[in-house]
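All ligand and atom numbering here is 1-based and tracks the order in the structure.
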Amino acid sequence: MSEHGTNSISESYRLAKESYRRIGIDCDQAIAKLSKVSISIHCWQGDDVNGFENRGGLTGGIAATGNYPGKARTPEELMADIDKALSLIPGKHRINVHACYGIVDGNIVERDMLEPKHFSKWVEFAKQRGLGLDFNPTFFSHPKAASGLTLSHPDPAIRNFWIRHGKACRKIAAYFGKELGTPSLCNLWIPDGYKDIPADRLGPRLRLKESLDEIYCVKYDPKYLIDCVEGKVFGIGFEAYTVGSHEFYLSYAAKNGLYFLLDNGHFHPTEAVSDKIPALLAFFDRVPLHVTRPMRWDSDHVVLLDDELKEIAKEIIRCNALDKVMIGLDYFDASINRVAAWVIGVRNMQKALLSAMLIPHGKLRELQDGGQFTELMMLGEEIKTYPLGAVWDYFCEQQNVPVKEEWYEIIQGYESDVQMKRR
Ligand code: RNT
Ligand code: ZN
């Protein structure tokens, strides 16, 4: 029994349910719906985007900062940490794997030679737990990406290496989809860009376009594989120019039957990604997301229950797009307990979705369409202090995961018994 008391949780839920009922919201329905939402949990929070190749530092204009002890060093440790996180998160989810997390048992396998068999342990892991798997080619932290250019490199030998990598990764993702009976999202992001004002902005983009044409010319059954491309405004060391910009990839995706992934850390700091979701939903039947928290730049801080997260969740729910928006997380904080970072981020994403499910969107829409903006503002603001927490606590209890801050004790135990012994 929760130390918060099962009785008080049920009683608070009963009262909350009554408040929400009065504005036309059915809490039982909301939590039933929430229990079916799968979030793609990024494996790379567990080890600061290190992977298992032991090539040295993270490159590509992204950075994990901090040196909190206890990070996972092996596939076994990473999987154990994921298990610990999953035990503290309600619902059934997906794991998002990067190509640099291949399990090659002491061999060195070049990225363009990766095969499904190098990921069979991930499939086994997912099967045993009833999870789906998503995938990403790794176009960074590699000597052939040291110049900062991959698929747009002027040297065809380097470009071709990365094209082969992209193709190999789609094959691996399709294998995930087939093995697990749920399509795998294969997301392509490259760091390519320039630190300073380029002399040619079109050339690299035309080379990237050609490389993508080669990568995507192989067709797979969408039952197994969903392809998407992730744009960006800038990276560290690539401040002046990003080859794979948003306009470039959005156009490429629209013209080639792929999807465009929105990472909410990849825009100018005052741009809201929530607003882009319904814009894309008008044209695409799927909108993949990387949910993160940018602080002044694409800093990939742990996802908090902040206004933009709630706004993103609102768009997903009020557009009735839970089956279209593919929610994935993408952050990496090395300054706090990494397992706790997962738990906090995923639980916050779920809380944001629940909060959006407890809003009378139909009523608010009517007020907007009827031009009743005073009542619209009033109701929108009053809803903000409705008892979301009581519904969330009841949901956690129903799902047999710790209620409120109770999960942290389990992290503390895991930290001292397991993570701190990894030194
Ligand atoms: C980088 C992109 C990309 C990466 C991961 C590790 O800016 O957001 O998605 O974070 O592939
Ligand atoms: Zn991302």
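Residue D330 approaches the Zn ion (ligand 2) most closely through its N/O/S atom OD2.
The atoms of ligand 1 that sit less than 4.0 Å from any heavy atom of I62 are 1 (C), 7 (O). Interface of F332 with ligand 1, defined as ligand atoms under 4.0 Å from a residue heavy atom, comprises 10 (O). Remark: ligand 1 atoms within the under-4.0 Å shell around heavy atoms of D263 are 8 (O). Residue-ligand proximity, H98 to ligand 1, at heavy-atom distances under 4.0 Å covers atoms 5 (C), 6 (C), 11 (O).
The residues R422 and D81 are annotated as salt-bridged, a charged nitrogen and a carboxylate oxygen being separated by less than 4.0 angstrom. For the pair K232 and D263, the salt-bridge criterion is not met [side-chain N within less than 4.0 Å of a carboxylate O]. A salt bridge links K276 and E271; the closest N-O separation between the charged side-chain nitrogens and carboxylate oxygens is under 4.0 Å.
Contacts classified as ring pair (Phe, Tyr, Trp, His ring centres under 6.0 Å) and involving residues 283-320 (residues at least two apart or in different chains) are not found. Pairs of residues two or more places apart, or lying in two chains, never qualify as ring pair (Phe, Tyr, Trp, His ring centres under 6.0 Å) while including a residue from residues 399-421.
Geometrically, R159 does not engage F161 in a cation-pi contact defined by less than 6.0 Å to the ring centre and at most 45° from the axis.
Looking at D298 against ligand 1, only its side chain comes within 4.0 Å, counting heavy atoms. At a heavy-atom distance under 4.0 Å, only side-chain atoms of H266, from C-beta outward, approach ligand 1.
Considering backbone and side-chain N/O of W44, none are found under 3.5 Å from N/O of ligand 1.
Residue H290 counts as close to the Zn ion (ligand 2), with an N, O or S atom under 2.8 Å.
Around the Zn ion (ligand 2), the angle linking E230 (OE2) with D263 (OD2) is 90°, rounded to 10 degrees.
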